[in-house]
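Position 1 is the first residue of the sequence; numbering continues from there.
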Amino acid sequence: QANRILKFMAVKMTQCVHRVLYLSVLVAFAACNAPPVPLDDIIIEKTFVPEQCGRAVKVGDYVRYHYNGMFPDGKKFDSSYDRGSTYNVYVGKKQLIEGMDRALVGMCVNERRLVKIPPQLAYGKQGYGDIIPPDSILHFDVLLLDVWNPEDGVQINTYYTPPICSRKVEVSDYVRYHYNGTLLDGTLFDSSHTRLRTYDTYVGIGWLIAGMDQGLLGMCVGERRIITMPPSLGYGENGDGSDIPGQASLVFDVVLLDLHNPRDSITVTNQQVPEPCTRKTVAGDFVRYHYNGSLLDGTFFDSSYSRNRTYDTYVGRGYVIAGMDEGLIGVCIGERRTITIPPHLAYGEEGTGTKIPGSAVLVFDVHIIDFHNPSDSTEITVTYKPEVCDKQTKKGDFVKYHYNASLMDGSPIDSTYNYGKTYNIVLGANQVVPGMEDGLKDMCVGERRHLVIPPHLGYGEMGVIPGSAVLLFDIELMEVEEGLPEGYMFIWNEDVSPDLFTEMDVDQNKQVEPSEFTDYIMRQVTEGKGRLAPGFDPYRIIDNMFSNQDRNGDGKITEAEFKLKADEAAAHDEL
């Protein structure tokens with residue numbers, strides 16, 4: 001029984017399917033042979049819709065669009081593409097056929113629509129000459145490229161604002177900026193980036209199109225914004241004659257790199273002034289400083305640190321750019337400051353041709369290492385003096401002292417304490433720099449002094465530690481051996497023997513040999529009867545004494561040649 005029921009149901013279902021298929025074929029046949037169904041209204045098919053639609057067309061807007069016009073069978077009757085220009089028109093003001101007027105409303109830029117327009121909303125029963133027959137349904141494939149309204153102004157969309165904005169663009173400022181310029185549909189027409197140089201101009205005085213003049217106002221250096229302007233504030237009805245068509249809205253993606261005003265002077269910020277500051281630079285000083293140089297947008301162009309040496313120059317004398325000349329006046333040793341210099345006080349409209357572009361504002365982060373004046377003398381500060389000081393150093397004394405040497409920024413140079421022995425010199429014998437000679441004069445044993453030695457009394461411009469450096473010495477006098485009177489390298493402590501020549505002439509041959517002379521002088525020194533100038537090689541002194549006595553230079557001294565210093569008409573370093 002069950003099987004019979006299932007077979008019956010299957011037969012009925014098959015008959016039903018056949019009946020449905022038959023009806024479908026009849027409907028399809030009727031549709032293919034039926035006349036076209038007349039349109040009561042426009043039909044819009046959105047074939048492409050952009051992801052973002054910042055603005056949709058409304059009545060009263062002005063639009064630019066491309067189109068292909070076709071009949072329902074696909075035959076083309078018109079195309080803006082074939083004419084090589086967009087169709088430009090106001091929407092909703094009866095400048096178009098009614099169907100198109102309505103079809104454009106609500107479109108976004110870059111949207112594409114296929115619009116079907118019945119004859120009563122197109123050219124009706126009259127048609128259009130030989131091109132469009134009467135009662136024609138029209139199809140338009142439309143691509144919207146631009147939309148604006150006569151009431152539009154400049155639209156600004158700031159998408160990046162720097163965290164610090166100390167100044168904003170004002171009318172009459174001079175700016176440097178990069179930009180990409182596009183039409184509203186994204187078509188690029190110009191870019192400063194492709195030219196690898198900024199656009200440089202005054203703002204608000206008519207040097208730019210009106211929309212850009214307005215759009216740049218209020219910008220900060222480093223800010224990025226999109227400036228959109230209608231053609232009335234761009235290139236108007238005629239465009240620029242090449243890449244910008246007439247009646248085109250313009251979009252500029254702008255980043256501001258630089259900003260100044262011709263009235264600007266330098267600005268000094270971020271000052272870190274050490275304490276104490278006993279002296280500040282004046283015009284004519286010679287300054288050693290480190291710096292990092294950058295453009296206003298932070299682009300690095302130079303650094304003394306990368307060369308591992310300071311920049312050394314006179315200030316206030318025109319040796320550096322005017323802004324730096326001014327910015328280095330009134331600084332302390334160890335001070336740090338940021339000096340911002342407008343181009344008319346830097347490298348001007350031309351720049352340097354490499355790293356510094358024309359009309360660039362420069363920013364220098366400066367650290368003052370030291371400075372001095374060519375008229376400076378050694379600065380001596382007594383830090384400790386013993387209560388008892390019976391004798392002070394003088395020229396010719398042999399002195400022994402310890403020292404710690406450093407630069408003005410505290411960088412150590414050298415120290416005798418590291419070697420565990422004193423530094424020993426004869427004062428006035430040019431064995432140390434002039435500044436140290438000055439610092440060691442009139443000093444007591446045990447006394448300590450702090451010396452500031454300018455480079456012209458130190459190691460000069462080409463010094464090894466380093467050139468043109470002011471030197472600091474903390475010295476302590478440890479020992480002094482009194483020197484001989486000026487002009488003497490040997491003196492007698494007792495009365496001179498009347499038989500001096502005979503005593504020297506050991507072999508009694510009436511002439512003194514070098515060895516006899518040397519032995520005799522050294523014996524007098526050993527026995528305390530005479531004294532050689534301290535701090536010098538005794539044998540070199542004796543050789544010099546012998547040469548002075550050897551008048552004819554034959555290597556021997558005769559009694560006729562031999563004279564005491566007291567017997568000489570002029571002073572010589574000899575007996």
Side-chain angles (χ1 to χ4, degrees), residues 148-182 189-193 195 197-240 244 248-269 294-299 322-323 326-327 338-351 356-363:
W148 53 270
N149 194 281
E151 297 181 0
D152 286 348
V154 173
Q155 302 173 42
I156 296 173
N157 175 26
T158 298
Y159 63 94
Y160 176 75
T161 302
I164 299 175
C165 180
S166 58
R167 177 174 178 177
K168 297 182 178 182
V169 177
E170 298 177 358
V171 171
S172 81
D173 282 343
Y174 194 89
V175 297
R176 296 192 310 111
Y177 62 93
H178 269 305
Y179 70 89
N180 285 321
T182 63
F189 63 79
D190 192 18
S191 174
S192 62
H193 298 280
R195 294 191 296 274
R197 61 170 299 172
T198 55
Y199 195 83
D200 310 337
T201 184
Y202 287 96
V203 177
I205 61 172
W207 284 32
L208 292 162
I209 55 176
M212 188 62 83
D213 247 356
Q214 296 177 33
L216 292 171
L217 293 176
M219 284 193 81
C220 307
V221 171
E223 181 177 335
R224 295 175 180 268
R225 60 171 54 172
I226 294 175
I227 303 169
T228 306
M229 63 193 72
S232 59
L233 299 176
Y235 288 91
E237 295 182 5
N238 299 319
D240 71 344
I244 301 174
S249 300
L250 305 180
V251 180
F252 290 92
D253 190 341
V254 175
V255 55
L256 185 66
L257 300 183
D258 203 343
L259 158 67
H260 76 276
N261 194 282
R263 299 186 298 271
D264 287 348
S265 58
I266 68 167
T267 57
V268 176
T269 56
S294 63
L295 305 181
L296 204 58
D297 66 340
T299 301
E326 182 181 349
T338 299
I339 306 170
T340 303
I341 305 175
H344 53 275
L345 297 176
Y347 292 97
E349 296 182 5
E350 301 301 321
I356 301 176
S359 300
V361 176
L362 307 183
V363 180

Asker: Look up atom CD1 in Ile226 and atom CG in Asn180, then write down how far apart they are to the nearest 0.5 Å.
Answerer: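 Taking CD1 in Ile226 and CG in Asn180, the distance rounds to 10.0 Å.
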Asker: Between Val361 and Val221, is a side-chain contact (heavy atoms from CB on, under 4.5 Å) present by the stated rule, with each step listed?
Answerer: CA-CA 11 Å; Val361 176; Val221 171; over 6 Å; no
Asker: Scan Asp264, Thr267, Leu296 and name whichever one has a side chain to side chain contact (heavy atoms under 4.5 Å, CB included) with Arg167.
Answerer: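 It is Asp264, the one option of Asp264, Thr267, Leu296 that forms the side chain to side chain contact (heavy atoms under 4.5 Å, CB included) with Arg167.
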Asker: If I compare all heavy atoms of Thr158 with all of Glu223, which pair ends up nearest, and what's the gap?
Answerer: OG1-OE2, 3.2 Å
Asker: Any carboxylate oxygen within less than 4.0 angstrom of a Lys/Arg side-chain nitrogen, looking at Asp173 and Lys168?
Answerer: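 The answer is no: the pair does not qualify as a salt bridge.
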Asker: Kindly give the heavy-atom pair with the smallest separation between Ala346 and Ile341, and that separation in Å.
Answerer: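 Between these two residues, the closest heavy atoms are CB-CG2, 3.9 Å.
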Asker: Any side-chain heavy atom of Leu256 within less than 4.5 Å of one from Val175?
Answerer: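 Yes. Closest side-chain heavy atoms under 4.5 Å.
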Asker: Taking everything shown except Arg263 itself, do over 12 heavy atoms lie less than 6.0 Å from its CZ?
Answerer: no
Asker: According to the interplanar angle, ranging from 0 to 90°, do the rings of Tyr199 and Tyr179 count as parallel (below 30°), tilted (30 to 60°) or perpendicular (above 60°)?
Answerer: perpendicular
Asker: Tell me, do Val363 and Ser294 make a side-chain contact under 4.5 Å, heavy atoms counted?
Answerer: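 Yes, close enough: below the 4.5 Å cut-off.
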Asker: Any non-hydrogen side-chain atom of Ser172 less than 4.5 Å from a side-chain atom of Val203?
Answerer: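 Not touching, per the 4.5 Å side-chain cut-off.
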Asker: Hey, could you give me the CG/CZ distance between Leu259 and Arg176, rounded to the nearest 0.5 Å?
Answerer: 11.0 Å
Asker: Which distance, rounded to the nearest 0.5 Å, do you find between the OH of Tyr347 and the CD1 of Ile356?
Answerer: 5.0 Å
Asker: Do the side chains of Asp190 and Arg195 get nearer than 4.5 Å, heavy atoms only?
Answerer: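 In short, these two side chains touch, coming nearer than 4.5 Å.
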Asker: Can you tell me how far CG of Asp240 sits from OH of Tyr235, rounded to the nearest 0.5 angstrom?
Answerer: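 So the gap between those two atoms works out to 6.5 Å.
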Asker: Using 30° and 60° as the class boundaries, would you call the ring planes of Tyr174 and Tyr202 parallel, tilted or perpendicular?
Answerer: perpendicular
Asker: How far apart are the closest heavy atoms of Gly211 and Ile227, and which atoms are they?
Answerer: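 For Gly211 versus Ile227, the nearest heavy atoms are O-CG2, 4.1 Å.
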Asker: Does the side chain of Val154 reach to within under 4.5 Å of the side chain of Leu233, using non-hydrogen atoms?
Answerer: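 Side-chain contact under 4.5 Å: yes.
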Asker: Please report the interatomic distance CE(Met219) to OG1(Thr161), rounded to the nearest 0.5 Å.
Answerer: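 Going from the CE atom of Met219 to the OG1 atom of Thr161 covers 8.5 Å.
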Asker: Between Ser192 and Tyr177, which heavy-atom pair has the shortest distance, and what is it?
Answerer: OG-O, 4.2 Å
Asker: Is the backbone N or O of Pro357 less than 3.5 Å from a side-chain atom of Arg197, with the two atoms forming a donor-acceptor pair by type?
Answerer: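 No.
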Asker: Which atom pair, heavy atoms only, marks the closest approach of Pro163 to Tyr160?
Answerer: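 Answer, listing the atom of Pro163 first, then Tyr160: CD-OH, 3.7 Å.
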Asker: Can you give me the closest heavy-atom contact between Gly222 and Pro162, atom names plus distance?
Answerer: C-CD, 4.1 Å
Asker: Kindly indicate whether the side chain of Leu362, heavy atoms from C-beta on, has any atom under 4.5 Å from the side chain of Thr340.
Answerer: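 Leu362 vs Thr340: side chains apart.
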Asker: Using 0.5 Å steps for rounding, measure from the CG atom of Asp297 to the CG atom of Leu257.
Answerer: 4.5 Å
Asker: Can Thr198 and Asp258 be said to form a side-chain contact (heavy atoms from CB on, under 4.5 Å), step by step?
Answerer: CA-CA 10 Å; Thr198 55; Asp258 203 343; over 6 Å; no
Asker: Can you confirm whether Leu250 sits close enough to Ile209 that some side-chain heavy atom of one is under 4.5 Å from a side-chain heavy atom of the other?
Answerer: yes
Asker: Compare all side-chain heavy atoms of Met212 with those of Val254 and state whether any distance is below 4.5 angstrom.
Answerer: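 Yes - at least one pair of side-chain heavy atoms lies under 4.5 Å apart.
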Asker: Within the distance-only criterion (no hydrogens, no angle test), does the side chain of Ser191 pair as donor or acceptor with the backbone N or O of His193 below 3.5 angstrom?
Answerer: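 Between the backbone of His193 and the side chain of Ser191 there is a qualifying donor-acceptor contact (under 3.5 Å).
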